[in-house]
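Per chain, numbering begins at 1; letters A, B, ... match sequence-line order.
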Amino acid sequence: MTGEHVLICVAWPYANGPLHLGHVAGCYLPPDIHARYERALGNRVLMVSGSDEHGTPITVTAETEGVPPQEIVDRYHAINTQALLDLGCIWEPNVDSRGIEYGGALFNRTSDSEHKRYVQENFNSLLAAGLFEQKTMQQYYEIRNDGGRFLPDRYVEGECPNCGEDGARGDQCDECGTTYESYELQNPRSKMNPDSEIEIRDTEHFFYRLDRFQEALEFHANDRNPHWKANVRAMTKQWLDMGLRPRAVTRDLEWGIPLPLEGDKWKGKCVYVWFEAVQGYYTCAKIWSERFAESDDWRKWWCVSDDGVAPRHLYFLGKDNIPFHTVIWPALIMGLNHANNGLGDEDPVSLPGPGDLALETNVPAMEYLMLAGGQFSKSRKHAVWLPSFLERFDPDTLRYYLSINMPENHDTDFNWPDFVEKINSELNGTYGNYVNRVMSLGNKLGGDNPLQIHDDLDRCNDDKERLEQIYVQLTQSLNRHRYKEALRHVMSAAQYGNQMIQKAVPWKYLSEPGPSDTSEYSDERRQSLSKLSFGWRLARFMAITSQPFLPFSAQRLWTMLGQTGNVSDASFESATDWSTPITWSTISEPLFSRLDLEAILEEEQTLAQSEQVTVHDDPGHGVKGSGKKTKTKEDENMTEAPEGTTFLNFETFMSVELRIGTITSVEDHPNADKLYVVHLDDGTDEGRTVCAGLKPYYSVDEMMEKQVVFVANLEPRKLRGVLSEGMICAADDDDGAVKLITVDGSISNGSRVR
RNA sequence: AGCGGGUUGGAGUAGCCAGGUUAUCUUGUCGGGCUCAUAACCCGGAGACCGAUCGUUCAAAUCGAUCACCCGCUACCA
């Protein structure tokens, strides 16, 4: 188990916003823990990732801010790189301290010119191997003075050919759910620039022949099934059962990697982001080799050896990314092998053999970390961003809490009271306090190395055995990617230490100086102090085994124990090396400090308020997903109108027709979770129907018969299939409370409000 | 409504794929102890009809079916 090549692949964060705690728990902390663990085992670890810097959402952000896309990605690449380093992730140094043959790490970026070059190379070889098919598609094109551009389906809206609803998207109507070809859309327009002229043009695109890999992938999935977690098994199975179809690898885009093809018809086309970013695992390893090692060294981490041994590949990512890594990426890898082996269109594809690029060993995907009570994006004030967290707290407190609360099997919550409680009672009470006990008891004995003379391992066989047992359990858990459980095992050592000290009552013997020759001590005293000495060994065990989880405090402890160098360079096995001579240092300080919940909550409140003002346009809200990127951000950016506080003139205000109505019936919306369908008596014979999103705040009974204020001249709009002819007014506050506006006394329905 | 995940002592969780002693651990709570240590630590107790129902089985938290509720995504909001 020593000297193995292990490639740790970390999902590429999208450089469109800062990382939040959800990202950290989902896909940035686990790989760091694992990489540190593999290193400590003596394995050769190469860790690769970087910023995903292409794609439409970034251009949208750039457009909104009026800056070039490069400026956006430069900004967030810098912020996120720094935040990950501050968290203690071993992205630096790039070369392993044990030597280049042990690997290292590179946090690269997809705008790297070498990355581009490799992607283009791969594109060409896959093309040559007949793994692409070419299709002509119809796509909307926005005609502009500066040249114009193709519009993705999401950026086109018009009237639905089926229900006539305005606001339907290019390929699907949200109201009636129909999908159609984009040319069927009526009165299409660009969502970004509604006034510009748009037309349908033919556009040529390449598709990757995923379908050709169906069989190989099924075989691969069966092979990996026993190792995969349930969520990975389920998601992969679902994809394979649906049947794989060719998938587009090119798009009409400006910001990305251009197609490496000659000819006008390929101008303005880029490689699809998914196709390109996912190759980062491979290009990053190559680039690392070129910059820091021999140019062929990457093969040790990527290629199956001549005798058929594959390097271990571990991919860390959020659950939304699973199929990309168990289906699509393996298909690309096999495609590259196919091409590199000079095979073509006619030849069957196959699983990797000697010399080929290897497929993944495991994909320990995490579920999501949620923010307490944070359901809606407007509760953005609840979001916890990594950079701002690290400004205020010891990174190890975060690492501890996220590890012990890791969303391994299902979504988990981040909340401040729980965070404070875990840090205070577990990290401080059990671990910190244990260390502090040993250190201060030792110091009270006095001398340069007070515990060394009491070292008597023959009296501590049970204790040795217990720690050895914990060590076995710990490594088993880590090997199975059960980080939560693993950290519990580490903590159980501290707990055992507290019990051992408690039982040995060494404080009884502090005040008796006794003879200088320990052999003349009473047996009780020798027994007691030998346990205290073993307490030092247990603390050293803690330093080594907690290092992957809590690197900063492990190092502090290591130094306090009088050990030299870096604890991260100590081998994991040496945690139970009882022959190590006991050392001591003059430094002794608490490992962690207690947190004050009240103060934190107050600070959060202040921070949240200021944040709401300054980053109102930030799209990366919420602490939800760990890898969910394009979709939500795209939407937020698209829909968020620029905010400004200009004064409303009187006429404009009067154009809003507010009227009084009585609620006559309330029903659940047949097709929406949060909507009621409300009938109002608005003074007319037939009344009117309004959809209201009040389900979370009001029961049917509470709403019935209330006289409320509603907007009468709002453009009628279908909400999930039901026509809503107005809007019921309600007030909401920062705490998320929502209350209907009612009338003081009674007045006839239909009365104007002004 | 579509897709995915969940429901286990007050809270958070393990166990479920490969059914089988007293259902795990952390925290909280109650009682006791200790005083070296950060209102800390140690010992002991109480506390769970494992979401509901039906089925398979000698045996179900675990397998199958149905239902309910919760969460996320899609979507939606005042």
Side-chain angles (χ1 to χ4, degrees), chain A residues 22 172 174-175 177 225-226 228-231 233-235 238 242 319-320 322 367-368 370 373-378 404-413 415 417-418 421-422 424-445 482 484-485 487-489 491-492 494-495 497-511 532 535 588-595 622 624-625 628 631-632 635 639 669-675 691-697 711 719-721 724 727-733 736-741:
Chain A
Q172 183 180 10
D174 292 333
E175 303 307 323
N225 244 359
W228 281 347
K229 301 200 324 184
N231 57 354
R233 276 203 294 264
M235 290 255 201
Q238 203 194 337
M242 280 190 313
K319 64 176 165 186
D320 54 335
I322 290 170
E367 302 285 323
Y368 291 151
M370 310 291 188
Q375 301 163 339
F376 272 54
S377 61
K378 76 174 174 185
I404 210 74
N405 198 21
M406 201 172 267
E408 286 170 359
N409 297 307
H410 50 78
D411 299 345
T412 58
D413 275 340
N415 73 71
D418 193 40
E421 184 185 285
K422 288 251 175 0
N424 283 348
S425 101
E426 297 179 20
L427 196 58
N428 271 296
T430 307
Y431 182 9
N433 180 56
Y434 169 72
V435 169
N436 201 27
R437 285 178 101 174
V438 173
M439 296 309 295
S440 73
L441 281 167
N443 281 329
K444 283 182 180 166
L445 278 171
R482 294 164 157 252
K484 206 164 14 177
E485 185 181 277
L487 185 52
R488 282 270 166 240
H489 287 311
M491 294 302 287
S492 75
Q495 200 167 24
N498 273 321
Q499 291 165 353
M500 186 181 74
I501 300 281
Q502 190 76 19
K503 216 166 120 195
V505 289
W507 48 89
K508 271 191 178 174
Y509 305 99
L510 293 178
S511 50
L532 180 56
S588 172
E589 57 190 20
L591 269 189
F592 312 99
S593 42
R594 290 182 65 85
L595 301 176
K624 291 167 286 198
K628 124 181 58 119
K631 286 178 193 154
T632 48
D635 279 1
T639 52
H669 192 292
N671 196 24
D673 293 336
K674 291 170 181 155
L675 295 181
C691 293
L694 295 168
K695 239 177 175 174
Y697 312 104
V711 184
L719 294 179
R720 300 206 62 86
S724 180
M727 191 165 101
I728 298 178
C729 294
D732 67 329
D733 64 17
V738 173
K739 291 291 168 196
L740 285 169
I741 315 276

Assess whether one donor atom and one acceptor atom, taken from the side chain of A/Arg233 and the base of B/rC17, lie less than 3.5 Å apart. yes
Answer with yes or no whether A/Asn428 presents, from its side chain, a donor or acceptor under 3.5 Å of a partner atom in the base of B/rU38. yes
Using a cut-off of 4.0 Å on non-hydrogen atoms, how would the nucleic acid contact of [X] be classed: base, sugar-phosphate, or nothing?
X	value
A/Glu408	nothing
A/Thr430	sugar-phosphate
A/Pro506	nothing
A/Arg488	sugar-phosphate
A/Tyr434	nothing
A/Asn409	sugar-phosphate
A/Lys484	sugar-phosphate
A/Asn498	sugar-phosphate
A/Ile404	nothing
A/Gly432	base
A/Leu427	nothing

The residue among A/Asp418, A/Leu487, A/Asn415, A/Asp413 that forms side-chain contact (heavy atoms from CB on, under 4.5 Å) with A/Asn405 is A/Asp418
Using the [atom1] atom on both, measure [N] against [M] and round to a whole Å.
N	M	atom1	answer
B/rA23	B/rC67	C1'	26 Å
B/rG12	B/rC49	P	15 Å
B/rC34	B/rC43	C1'	10 Å

Please list every stem that involves RNA chain B, where a stem is a run of 3 or more consecutive Watson-Crick or G-U wobble pairs with both pairing distances under 3.5 Å. B:1-7 with B:68-74, B:10-12 with B:25-27, B:29-33 with B:41-45, B:51-55 with B:63-67
Among residues at least two apart in sequence or on other chains, which ones pass side-chain contact (heavy atoms from CB on, under 4.5 Å) with A/Asn433? A/Arg437, A/Asn498
Run the ring pair (Phe, Tyr, Trp, His ring centres under 6.0 Å) test against A/Phe592 and tell me which residues pass, sequence neighbours left out. A/Tyr431
Is A/Gln499 close enough to B/rC43 that one of its side-chain N or O atoms is under 4.0 Å from OP1 or OP2 there? yes
